[in-house]
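Taking it in order: structure first as structure tokens, then the write-up.
Throughout, numbering of the chain's residues begins at 1 and tracks the sequence. Atoms within a ligand are numbered from 1 in the order they appear, just like the ligands themselves.
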Amino acid sequence: MKFGGTSMAGIERIRSVAARVKREAAAGNQVAVVVSAMAGETDRLVGFCREASPLYDPREYDVVVAAGEQITSGLLAIALQAIGVPARSWLGWQLPINTDDAFAKARIGTIDTAALDASLAAGEVAVIPGFQGVSADGRITTLGRGGSDTSAVAVAAAMKADRCDIYTDVDGVYTTDPRIVPRARKLAKVTYEEMLELASVGAKVLQTRSVGLAMKEKVRVQVLSSFTGDDAPMADTLPGTMIVGEEEIEDVERQLITGIAHDKNEAKITLTSVPDKPGSVASIFEPLAAANINVDMIIQNIAHRSSGSTSATDVTFTVPSADLPRSIEALNQAREAIGFGELIHDTRVAKISVVGVGMRSHAGVASTMFTTLGARGINIQAISTSEIKVSVLIHEDETELAVRVLHTAYGLDAEEAA
Ligand code: ADP
Ligand code: ASP
Ligand code: MG
């Protein structure tokens with residue numbers, strides 16, 4: 001069982017999580033619980049790091065931000081003990097949960113489950129802070145924002161759990177963020193592949209890596225609500241959304257478009273007047289790669305004659321907003337080698353994506369998207385596609401409108417407002 005930040009926000013809620021865990025244990029299940037920090041806490045800790053220095057050392061950032069989950073894991077163990085459930089917490093370094101040393105976005109390698117297995121066998125509930133691990137040289141690491149989902153799937157895989165239930169503040173995965181579109185529909189099932197794509201383009205209900213890991217390790221994942229009373233259906237009756245293999249979806253359940261996601265956490269960078277010659281693009285992206293910065297959308301405009309005699313081109317791409325200061329620094333340091341004119345950046349952009357395996361066999365998905373946005377006067381600044389996804393970059397202020405009109409255009413609206 002994994003509980004997210006809203007579910008852990010305050011002692012009252014932690015008590016209700018404890019009651020939920022007790023109910024599952026009383027039904028005869030052995031339970032390991034992975035917890036997030038209280039809602040808002042990780043943001044607060046990140047804020048302290050930025051305030052201390054905008055170019056903070058990621059190793060020390062991890063020491064700071066991992067603290068939120070340490071607190072909630074201890075509190076849940078206390079709350080469980082208080083209602084007669086034997087429980088103890090196991091911090092990332094105590095198990096250990098081994099990760100690589102990509103601080104602030106570390107990947108889990110192996111998890112030693114010996115202590116967990118023994119704890120469960122002795123009738124205890126094991127409480128594990130999400131989001132954290134330990135590097136080979138013993139330093140605290142964190143897994144990237146939203147990483148508790150990945151901790152939960154990794155623990156479930158390592159312990160060979162029957163299921164990994166992700167309890168959150170919505171009762172499943174919807175056709176789009178139900179906070180933006182009240183007419184979004186809850187999906188009973190969604191394939192690993194589509195969930196992976198949805199998560200990677202901004203549906204933050206599950207961290208992308210958690211879905212990739214679940215797919216690879218064949219972990220059965222269910223997303224369900226933690227905000228239900230004692231009379232709620234048991235998790236075994238699958239009241240939420242199951243993430244399943246494609247073979248588990250009946251033909252009649254298949255949709256052309258499964259969902260729409262948005263992401264406001266990208267920033268757009270344009271380098272003007274880049275020399276149009278072999279190796280030019282490499283000279284831009286090598287320093288970014290070396291700084292461990294993920295580049296997403298890339299467009300290179302048609303070469304044009306600049307004032308001189310050599311041809312030049314503008315290169316536009318997006319990076320995570322959080323990495324913008326470091327990106328600018330890396331690019332300015334490589335300015336001579338790249339030979340660009342100006343560096344223009346814009347954080348007021350949003351990426352809107354439509355996802356569905358149906359687009360493999362159906363034409364016209366992208367054109368519906370462009371027509372729908374055009375009719376609303378929404379300008380498209382960049383486009384990228386994959387086999388099962390089309391993404392566009394637009395002005396941030398138009399996010400909600402774009403998601404709503406696309407949701408309607410692809411026939412995803414529920415009959416009645418939820
Ligand atoms: P937690 O703290 O439990 O990890 P998150 O805030 O990370 O919760 O994720 C849950 C949120 O994901 C929901 O409150 C919802 O606003 C958002 N969300 C975005 N896209 C979707 C979607 N397609 N279906 C359900 N929720 C979504
Ligand atoms: N607390 C971490 C975050 O806010 C991890 C998580 O909640 O999944 O990103
Ligand atoms: Mg989350």
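With salt bridges taken as basic N to acidic carboxylate O contacts below 4.0 Å, one links E41 and R44. Remark: R348 engages D397 in a salt bridge, criterion side-chain N to carboxylate O under 4.0 Å. A salt bridge links E400 and K264; the closest N-O separation between the charged side-chain nitrogens and carboxylate oxygens is under 4.0 Å. A salt bridge is defined here as a Lys NZ or Arg NE, NH1 or NH2 lying under 4.0 Å from an Asp or Glu carboxylate O, and D137 with R139 fails to meet this definition. Note on R163 versus E24: no salt bridge recorded, every NZ/NE/NH1/NH2 to OD/OE distance being 4.0 Å or above.
Ranking the protein heavy atoms by distance from atom 7 (O) of ligand 2 puts S36 OG, 3.0 Å first. In this structure, the protein non-hydrogen atom closest to atom 8 (O) of ligand 1 is T168 OG1, 3.1 Å. Of all protein heavy atoms, the one closest to atom 6 (C) of ligand 2 is S148 OG, 3.3 Å. Distance from atom 1 (N) of ligand 2 to its nearest protein heavy atom, with residue and atom name: E69 OE2, 2.6 Å. When only non-hydrogen protein atoms are considered, atom 25 (C) of ligand 1 lies nearest to G172 O, 3.4 Å. Closest to atom 21 (C) of ligand 1, if we only count protein heavy atoms, is D177 CA, 3.7 Å.
For the ligand labelled ligand 2, residue G130 lies outside the 4.0 Å heavy-atom shell. Ligand 2 lies less than 4.0 angstrom from a heavy atom belonging to G146. Heavy-atom distances between K2 and ligand 1 reach below 4.0 Å in at least one pair. Using a non-hydrogen distance threshold of 4.0 Å, P178 registers as a contact of ligand 1. Heavy-atom distances between G202 and ligand 1 stay at or above 4.0 Å for every pair.
Aromatic ring pairs are classed by plane angle as parallel below 30°, tilted from 30° to 60° and perpendicular above 60°; the pair F285 and F317 is perpendicular.
Near G4, the atoms of ligand 1 lying under 4.0 angstrom from a non-hydrogen atom of the residue are 1 (P), 2 (O), 3 (O), 4 (O). Close contacts between ligand 1 and G5 involve ligand atoms 1 (P), 2 (O) [criterion: under 4.0 Å to a heavy atom]. Less than 4.0 angstrom separates some heavy atom of D169 from each of these atoms of ligand 1: 10 (C), 11 (C), 13 (C), 14 (O). Atoms of ligand 2 lying under 4.0 Å from at least one heavy atom of R145, given by number and element, are 3 (C), 4 (O), 9 (O). Here is the list of ligand 1 atoms found below 4.0 Å of a heavy atom in Y174: 22 (C), 23 (N), 24 (N), 25 (C). Under a 4.0 Å criterion applied to the non-hydrogen atoms of T42, ligand 2 contributes the atoms 1 (N), 2 (C), 3 (C), 4 (O).
Checking R20 against T228 by side-chain atom types alone, a donor-acceptor pair falls below 3.5 Å. Between the side chains of S327 and D323, not a single donor N or O lies within less than 3.5 Å of an accepting N or O. Side-chain atoms of S148 and S36 form a donor-acceptor pair, as typed in the model, at a separation below 3.5 Å. Of the N and O atoms on the side chains of T208 and S200, not one donor lies less than 3.5 Å from an acceptor on the other residue. With 3.5 Å as the limit, one finds a donor-acceptor pair spanning the side chains of T110 and N98.
Proximity of T176 to ligand 1, defined as any heavy-atom pair under 4.0 Å, is confined to the backbone N, CA, C and O atoms. Contacts between K204 and ligand 1 below 4.0 angstrom, taking non-hydrogen atoms only, involve backbone and side chain alike.
For ligand 1, the polar-atom distance check against R179 finds a nitrogen or oxygen pair separated by under 3.5 Å. Ligand 2 has no nitrogen or oxygen under 3.5 angstrom from a nitrogen or oxygen of G144.
Tested against D149 for a side-chain hydrogen bond (donor to acceptor under 3.5 Å, both in side chains), the candidates Q207, R209, K204, K2 yield a single pass: K2.
Around atom 27 (C) of ligand 1, the closest heavy atom drawn from V173, V170, V205 belongs to V205.
The neighbour count for R59 CZ, taken as heavy atoms of other residues, nucleotides or ligands under 6.0 Å away, does not exceed 12.
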